[in-house]
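Below, chain A is the first sequence line, B the second, and so on; all start at residue 1.
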Amino acid sequence: MDYKNRTRIARIILSDEIALNTDVIILGLVRTVRVGKEVAFVEVNDGSCLKNIQGVVGEPDKFPVLSEILTGASVRIKGKLIESQGGGQKYEIAVEELDLIGPADATYPLQKKRHSYEFLREIAHLRPRTNTFGALNRIRSKLAYAVHQFYQEKGFYYIHTPIVTTSDCEGAGGLFRVSTIDHENPPISDGKIDWTEDFFGTESFLAVSGQLEGELLATALGDIYTFGPTFRAENSNTSRHASEFWMIEPEMAWAELDDNMDLAEEFLKYLFRYALEKCEEEMSFFGQWIDKEVRQTLASVADSQFERLTYTEAIKILESSSEKFEFPVSWGVDLQSEHERYLTEKKFKKPVIVYDYPEEIKSFYMKLNDDGKTVRAMDVLVPRVGEIIGGSQREHRLDVLENRMKEKGITNIEEYQWYLDIRKYGTVPHSGFGLGFERAIMYITGMTNIRDVIPFPRVPKWAKF
RNA sequence: UCCCCUGUAGCUCAGCUGGUAGAGCAAUUGACUGUUAAUCAAUGGGUCGUAGGUUCGAGUCCUACCGGGGGAGCCA
């Protein structure tokens, strides 16, 4: 079989680059078959785009294989590309050869109808074959490319931070243990597990962030970014948390919080514009089936300023608002979801950056402001998704950093010697943030559950496929 | 982890105040059609999440457990 000479459907339908009457070979999965006496139609999708192409069989009697071709089968169609004689599509294939490559029987779970997302999650091995997940996986790929393009064009270096970490206190929640110790018969010393016997000679975990290492590279290379998997062993059961997700973490040397906010805003707008301009087919699909206003929202956000306000200002707005909150607000408490949602969805109706948070509720590495009460932290909040970016200017003053670590109760400071060393030798002001890639995709596509924007989600009680 | 809702044919669901199950789609068979989530007809298909309990009798009520959804916390 000459699989190599096949023509991808996107080249026919989307880019219009195949001339009429060209002999083409289509390889793909059957979406639906309609067999009659005089004519039969075999509609195929090959994953290159949303649209299917239909093969037209003029004399069905001469193709007994038609009776074996059901929805879900893989087929090879050879024939001439012709102008469609029916309405509804521009092109079709006048079938000359029709081969069933891989049959699918009546048990094929994907029917010619809409399925619930809940059901599709249970068949995550097959859901990529649906229109929605095809579009999601394609736009995910394109947006990942856009991430690299954005940073590479700005002169940032793409760096790889370790997946396995030995520091158990990165300030971002629960960690997954990495171990080769026989857990049914662990080595014991002084009544406790002897981790020096473990693979790395010490306790080790999956990284919850590449930030600390990112800072090291930034002070050497200037501007860097990471884009990789991140693991959080939190028992979070929400539509916007996953145990394994992809995060983009830029880190800029010689940059303060304003520069950080500028970068975050520019970055998000770049992704929104990229989706609108370079992912037209997917975005029109999402606009039709997922969220009718999503394109309009992205376009208006891409052309407007994000609202920036300090935590203190945010608290004042919330306190003077007539909105009834379940949790009362006052200076010093962390903003609840309902507060964040009010700010971004009701008050400003666009992305909002809140910065300068009370130091008590933020991590040790964030730069202390001169007021001694707040730190240079920032959160970017967007409607429907909530917190999409979290970042800060880092504390680059060695003595201040050491003090804050002590205040935060970090006892094993000597294990962070490497982190402190970049402050000890030629320290530079630097800033960075983390963007949850899936949350960005949710915002861009209008999808409302993080489990549907990553092909194989990992969440509490679910790591199948 | 907490609160609320939910679990009935392959899928989406109906099943009122308890009396041993229905529809649409899918599938199978046949007919018909330049069709396009094709159409029409017939047929097959369910130990009602699991385990207990109340009751003469439970899909329907109660308890526990296991899934799923929404919200909260944690955050990206």
Side-chain angles (χ1 to χ4, degrees), chain A residues 31-44 51-58 60 67 70-72 82 84-89 92 94 104-123 126 130-131 170-174 208-211 227-249 264 326-327 334-341 361-363 377 379-382 385-391 433-443 448-454 459-462 464:
Chain A
R31 285 295 180 81
T32 176
V33 188
R34 296 176 290 274
V35 183
K37 252 201 187 100
E38 319 254 316
V39 63
F41 301 90
V42 180
E43 208 170 313
V44 171
K51 292 214 165 67
N52 309 325
I53 199 158
Q54 68 177 11
V56 185
V57 179
S67 65
L70 302 178
T71 300
I82 57 171
S84 179
Q85 293 169 38
Q89 62 279 315
E92 61 192 23
D105 67 18
T107 63
Y108 187 60
L110 292 173
Q111 296 162 17
K112 291 177 279 188
K113 56 170 256 179
R114 276 175 77 87
H115 287 286
S116 68
Y117 291 124
E118 292 79 13
F119 171 66
L120 290 171
R121 266 171 228 154
E122 290 171 11
I123 52 166
L126 295 173
T130 64
N131 286 341
E170 296 190 30
V208 296
S209 163
Q211 181 202 316
F227 185 1
T230 307
F231 307 90
R232 304 263 167 102
E234 238 114 43
N235 193 11
S236 301
N237 294 290
T238 79
S239 55
R240 55 192 188 283
H241 287 86
S243 310
E244 177 183 295
F245 63 99
W246 287 67
M247 186 156 65
I248 297 124
E249 293 181 284
E326 190 184 342
F327 299 93
D334 212 348
L335 297 180
Q336 304 285 320
S337 283
E338 57 172 346
H339 306 139
E340 296 182 344
R341 225 178 299 127
I361 59 175
K362 289 291 182 183
S363 299
D379 284 349
V380 181
L381 315 173
V382 298
V385 176
E387 185 178 340
I388 199 168
I389 280 177
F433 61 80
L435 169 74
F437 189 48
E438 285 75 19
R439 289 187 181 176
I441 295 175
M442 287 169 73
Y443 185 69
T448 55
N449 196 311
I450 198 168
R451 289 162 202 167
D452 298 326
V453 296
I454 185 167
V459 296
K461 298 273 164 30
W462 188 264
K464 211 173 159 187

Quantified in whole Å, what is the C1' atom distance between nucleotide B/rG59 and nucleotide B/rG7? 11 Å

Sugar-phosphate only, base, or nothing, as touched by A/Ser116 at under 4.0 Å among non-hydrogen atoms: sugar-phosphate

Taking only side-chain nitrogens and oxygens of A/Lys112, does any of them come within less than 4.0 Å of OP1 or OP2 of B/rA38? yes

Could you list the residues that satisfy side-chain contact (heavy atoms from CB on, under 4.5 Å) with A/Phe327, not counting sequence neighbours? A/Gln336, A/Glu338, A/His339

When rounded to the nearest Å, what value does the distance between C1' atoms of B/rG69 and B/rG49 take? 15 Å

Distance, C1' atom - from B/rC74 to B/rG46, rounded to whole angstrom: 42 Å

Can you tell me if the side-chain N/O atoms of A/Arg114 get under 4.0 Å from OP1 or OP2 in B/rC25? no

Given B/rG73, B/rG71, B/rG34, the nucleotide with the shortest approach to the side chain of A/His241: B/rG73

Please work out if A/Ala40 contacts a base, only the sugar-phosphate, or nothing of the nucleic acid, heavy-atom cut-off 4.0 Å. nothing

Within the 4.0 Å heavy-atom criterion, would you say A/Val56 contacts the bases, only the backbone, or no part of the nucleic acid? base

Phosphate OP1/OP2 of B/rA38 contacted by A/Arg34 side-chain N/O (<4.0 Å): yes

If stacking means aromatic ring centre less than 5.5 angstrom from the base's six-membered ring centre, planes under 30°, is A/Phe41 stacked on B/rG34? no

Which one, B/rU1, B/rC75, B/rG73, comes nearest to the side chain of A/Asn235? B/rU1

Tell me whether the side-chain N/O atoms of A/Asn237 come closer than 4.0 Å to OP1 or OP2 in B/rG70. no

Without decimals, in angstroms, what is the distance between A/Leu120 CG and B/rG69 C1'? 15 Å

It should be established whether A/Thr32 places a side-chain nitrogen or oxygen under 4.0 Å from OP1 or OP2 of nucleotide B/rA38. yes

I'd like the P distance from B/rG53 over to B/rU39, given in whole Å. 48 Å

Using a cut-off of less than 4.0 Å, is there contact between a side-chain N or O of A/Arg121 and OP1 or OP2 of B/rG69? yes

Which listed nucleotide (B/rA37, B/rA76, B/rU35) is nearest to the side chain of A/Lys113? B/rA37

When you check the phosphate oxygens OP1 and OP2 of B/rG73, does a side-chain N or O of A/Ser337 lie under 4.0 Å from one of them? yes

